[in-house]
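One-based numbering, in listed order, for ligands and for the atoms of each. We count residues from 1, following the sequence as given.
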Amino acid sequence: MAGNLRLETACKAGALAGRLSIALGRGRGETLSGRVILALDSKAISKLSSDRDILLVSGTNGKTTSTKNLATILREFAGEGVSTSESGANMPAGIAALLAQNPRNRFAVIECDEMYVPEMYRKLSPKVVVLLNLSRDQLHRTGEVRKVAALWHETFIKDDVTIVIDRDDPFLEYAVTNAGHVMRVSFSGRRHPDAATCPNCAAILDWSKGDYLCPCGLGSLFPDIRADKRLNGPQRNTVLVVEAARLMGAEISVTEADDLISSAPDRIHDFLVSGKKVPTHLAKNPESWRQALGDVTADQVLLSVNARGIDGRDTSWLWDIDYSNLIGKKVICTGERQLDIAYRLRVQGVEVSTASNFSQAVQSFPSGPIQAIVSYTAFQDLLATELGINKSGSQ
Ligand SMILES: [Zn+2]
């Protein structure tokens, strides 16, 4: 009883702090609200998640969209309330706030930052975990991909939780080696760009047959589900999300899910700049750049790289990406680190020029379609300009 009173007080104080934060124009209030809740009751996350069906979503790319999609599917089929974060908050404070908001909702679909998966797995006791993918991220964010895989390997120990994974990803297979129940979805094998060597023993992986195999025994296991090999990253994530929803009783196919969920990821937006429509991808690590580059069909391409705050100062990850499909196109680089990306492209034989800002780059192109790929803060700057928020920072 004393514990419940503490929780109740913590949640009321958290809600008040959240409202104050919004009223003072300090953002959506989730993080502050969650911090207050956890300061007053350190066990709030465990308490708020008990007696509820929790689904946890993590991975390097597509967490926010996949979480939103899974919540949408469950809302449609469960006929009951589903809690989730609308803003992509994926650390303990944000998670505490979203759980406190509607404590009677049976379902909660929770996005989790890779490094917090062990803690949240322990505290939330999820029914289902969806591990979308693991690939190299920027070093300031989660460190080496092997570090995350090893952390997860220690986390998923035999129990009743079902873990849904892309079975073609050796890092995920290593992460769930000791797990009790794993649902493996295969997209018919594809070489993982960061997995030349085994996540378990560091021996060279044999990828010669499309699947992978290591002398230590780590290899592609027989899949529970075989999906279309032609799917791209976001589409693969949708298949995994649908399988997770089906585990919770939602009778839905991937085709039906496509009608229900947003097909366009949040990280693609058409900006109107200097009178021209510029479809723009937000890309923040090697894999999301690969996906964005795969979608480039225009002959005029604008790339903007910053190294500010959430972007991280270390741009060495730009060298992990193959830019060969930009060869022969007109490419303009801008942003604070325009020289970093321009030099990388020149090494690969891509002809590039630079511009002092996004708008000037757009104006430098002759008529015809333009596509852009931009880093996190560059995307934020473009959104702020669109919303009429005056920002002095360059794009
Ligand atoms: Zn091995």
Side-chain angles (χ1 to χ4, degrees), residues 56-63 112-122 128-139 141-227 229 231 233 236-237 239-240 243-244 285-291 316-317 319-322:
L56 200 64
V57 179
S58 196
T60 311
N61 286 305
K63 289 187 284 290
C112 188
D113 177 89
E114 295 94 297
M115 301 306 278
Y116 285 98
V117 163
E119 182 187 341
M120 289 302 110
Y121 184 77
R122 204 174 61 248
V128 172
V129 177
V130 187
L131 303 180
L132 301 166
N133 47 62
L134 265 187
S135 60
R136 281 198 71 193
D137 206 339
Q138 293 182 41
L139 290 173
R141 194 171 285 131
T142 55
E144 246 312 308
V145 57
R146 280 159 201 282
K147 189 172 140 193
V148 181
L151 197 66
W152 288 6
H153 177 81
E154 300 297 323
T155 302
F156 303 121
I157 307 294
K158 279 187 173 44
D159 53 26
D160 291 336
V161 185
T162 302
I163 304 179
V164 183
I165 65 163
D166 173 353
R167 154 276 197 196
D168 306 325
D169 185 323
F171 295 108
L172 296 183
E173 190 59 61
Y174 176 60
V176 300
T177 308
N178 300 318
H181 300 275
V182 181
M183 172 171 282
R184 295 179 171 83
V185 182
S186 172
F187 301 91
S188 302
R190 63 190 186 288
R191 189 173 177 132
H192 192 301
D194 303 325
T197 59
C198 174
N200 180 40
C201 71
I204 306 273
L205 285 180
D206 177 6
W207 286 91
S208 60
K209 296 182 182 72
D211 286 336
Y212 64 93
L213 186 63
C214 178
C216 78
L218 191 83
S220 312
L221 295 185
F222 194 78
D224 299 286
I225 311 273
R226 280 193 189 278
K229 71 183 295 182
L231 300 182
R236 288 197 295 272
N237 288 347
V239 173
L240 298 174
E243 289 309 324
N285 56 32
E287 187 53 33
S288 56
W289 267 76
R290 285 181 203 116
Q291 287 176 16
S316 59
W317 55 275
W319 289 81
D320 292 341
I321 303 161
D322 176 8

Under the side-chain contact (heavy atoms from CB on, under 4.5 Å) test against P286, which residue among N61, D320, T60 passes? D320
Just grab all the ring pair (Phe, Tyr, Trp, His ring centres under 6.0 Å) pairs involving residues 178-210, residues at least two apart or on different chains.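 Applying ring pair (Phe, Tyr, Trp, His ring centres under 6.0 Å) to every pair that reaches into residues 178-210, excluding sequence neighbours, yields F171-H192, W207-Y212.
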Does D166 pair with R190 as a salt bridge, N-O distance under 4.0 Å?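 So D166 pairs with R190 through a salt bridge.
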Could you check whether E119 pairs with R122 (Lys NZ or Arg NE/NH1/NH2 to Asp/Glu carboxylate O, under 4.0 Å)?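 Here E119 does not pair with R122 in a salt bridge, since their nearest N and O are not under 4.0 Å apart.
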How many protein N, O or S atoms sit closer than 2.8 Å to the Zn ion (ligand 1)?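 Step by step: take the Zn ion (ligand 1), keep protein N, O, S below 2.8 Å, and you get 4.
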Return the minimal non-hydrogen interatomic distance between S186 and R167, and the atom names on each side.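 It is OG-NH1, 3.2 Å.
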State, yes or no, whether a side-chain contact exists between E173 and I165 at a heavy-atom distance under 4.5 Å. yes
